[in-house]
Trainee: 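Just dropping this structure here.
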Amino acid sequence: MAGNKLNVVPLFQVMTVVVVCMLAEAPGRAEAATNITCEQVTNWLTPCISYGVFGGTVSPECCQGIKDLIAAKRTKDDMRASCSCIQKGAAMIPGIDYDRINNIPTLCGTSCHYKVYPSTDCSKVV
């Protein structure tokens with residue numbers, strides 16, 4: 001069983017790098033009028049990916065990233081841009097559990113004004 005786990009970790013690390021690079025290279029249209037960039041959102045939330053896929057315990061780095069993101073969302077456009085970025089990034093991660101990722105703010109002792117699922121219309125986030 002340990003051999004299987006060793007094979008999963010490198011694949012997960014490769015997927016994380018691919019997602020970060022894709023998000024950094026392709027900012028969404030909604031981000032143009034915001035203070036938050038998709039690159040920032042990606043940097044803040046990358047430590048949360050392992051919990052979103054595998055579960056377990058939310059890392060302190062993930063919680064700090066969630067808190068930094070929430071603190072940076074000052075306008076509706078910021079919230080919409082971060083929602084869109086999270087939605088696009090999550091869609092590229094095999095095995096992501098949307099209920100799990102939407103529960104992270106609560107586990108970190110904070111809250112988020114929206115839930116991100118593939119069907120979420122981020123343009124309507126307020």
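All residue numbers in this chain count up from 1 along the given sequence.
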Trainee: What pairs meet the salt bridge (Lys or Arg N to Asp or Glu O under 4.0 Å) rule with one or both residues in residues 89-107, with sequence neighbours excluded?
Mentor: Asp97-Arg100

Trainee: For the NE2 atom of His113 and the OG atom of Ser82, what is their distance to the nearest 0.5 Å?
Mentor: 11.0 Å

Trainee: Sulfur to sulfur, is the gap between Cys63 and Cys108 shorter than 2.5 Å?
Mentor: yes

Trainee: If you round to the nearest 0.5 Å, how far is CD1 of Ile49 from OG of Ser59?
Mentor: 11.0 Å

Trainee: Hey, does Thr42 have a side-chain heavy atom less than 4.5 Å from the side chain of Cys85?
Mentor: yes

Trainee: If the condition is side chain to side chain contact (heavy atoms under 4.5 Å, CB included), which residues does Ala91 pass it with, not counting sequence neighbours?
Mentor: Tyr98

Trainee: Checking Cys112 now: which residues fulfil disulfide (SG to SG under 2.5 Å) with it, not counting sequence neighbours?
Mentor: none

Trainee: Do the non-hydrogen side-chain atoms of Tyr117 and Asn102 ever get within less than 4.5 Å of each other?
Mentor: yes

Trainee: Do we see a donor-acceptor contact under 3.5 Å between the side chains of Gln64 and Asp68?
Mentor: yes

Trainee: Can you list the residues that meet the side chain to side chain donor-acceptor pair (under 3.5 Å) rule with Gln40, with sequence neighbours excluded?
Mentor: Thr37

Trainee: State the CD1-CD1 distance between Ile86 and Ile101, to the nearest 0.5 angstrom.
Mentor: 7.5 Å

Trainee: Nearest 0.5 Å, what's the CD1-SG distance between Ile66 and Cys48?
Mentor: 4.5 Å

Trainee: For the side chain to side chain contact (heavy atoms under 4.5 Å, CB included) test, which of Asn35, Ile36, Val41, Val125 pairs with Lys73?
Mentor: Ile36

Trainee: Once side chain to side chain contact (heavy atoms under 4.5 Å, CB included) is applied, do any residues pair with Thr106, and if so which ones, sequence neighbours excluded?
Mentor: Asn103

Trainee: If I compare all heavy atoms of Cys83 with all of Val116, which pair ends up nearest, and what's the gap?
Mentor: SG-CG2, 4.2 Å

Trainee: Do Arg80 and Ser84 have side-chain heavy atoms sitting under 4.5 Å apart?
Mentor: no

Trainee: When rounded to the nearest 0.5 angstrom, what distance separates SG in Cys62 from CH2 in Trp44?
Mentor: 14.0 Å

Trainee: Verify, without hydrogens or angle tests, whether Gln87 (side chain) and Thr120 (backbone) share a donor-acceptor contact under 3.5 angstrom.
Mentor: yes

Trainee: Heavy atoms only: give me the nearest Thr57-Tyr51 pair and the separation to one decimal.
Mentor: C-CD1, 4.0 Å

Trainee: If a pair satisfies salt bridge (Lys or Arg N to Asp or Glu O under 4.0 Å) and one of its residues is in residues 109-126, list it, with sequence neighbours excluded.
Mentor: Asp121-Lys124

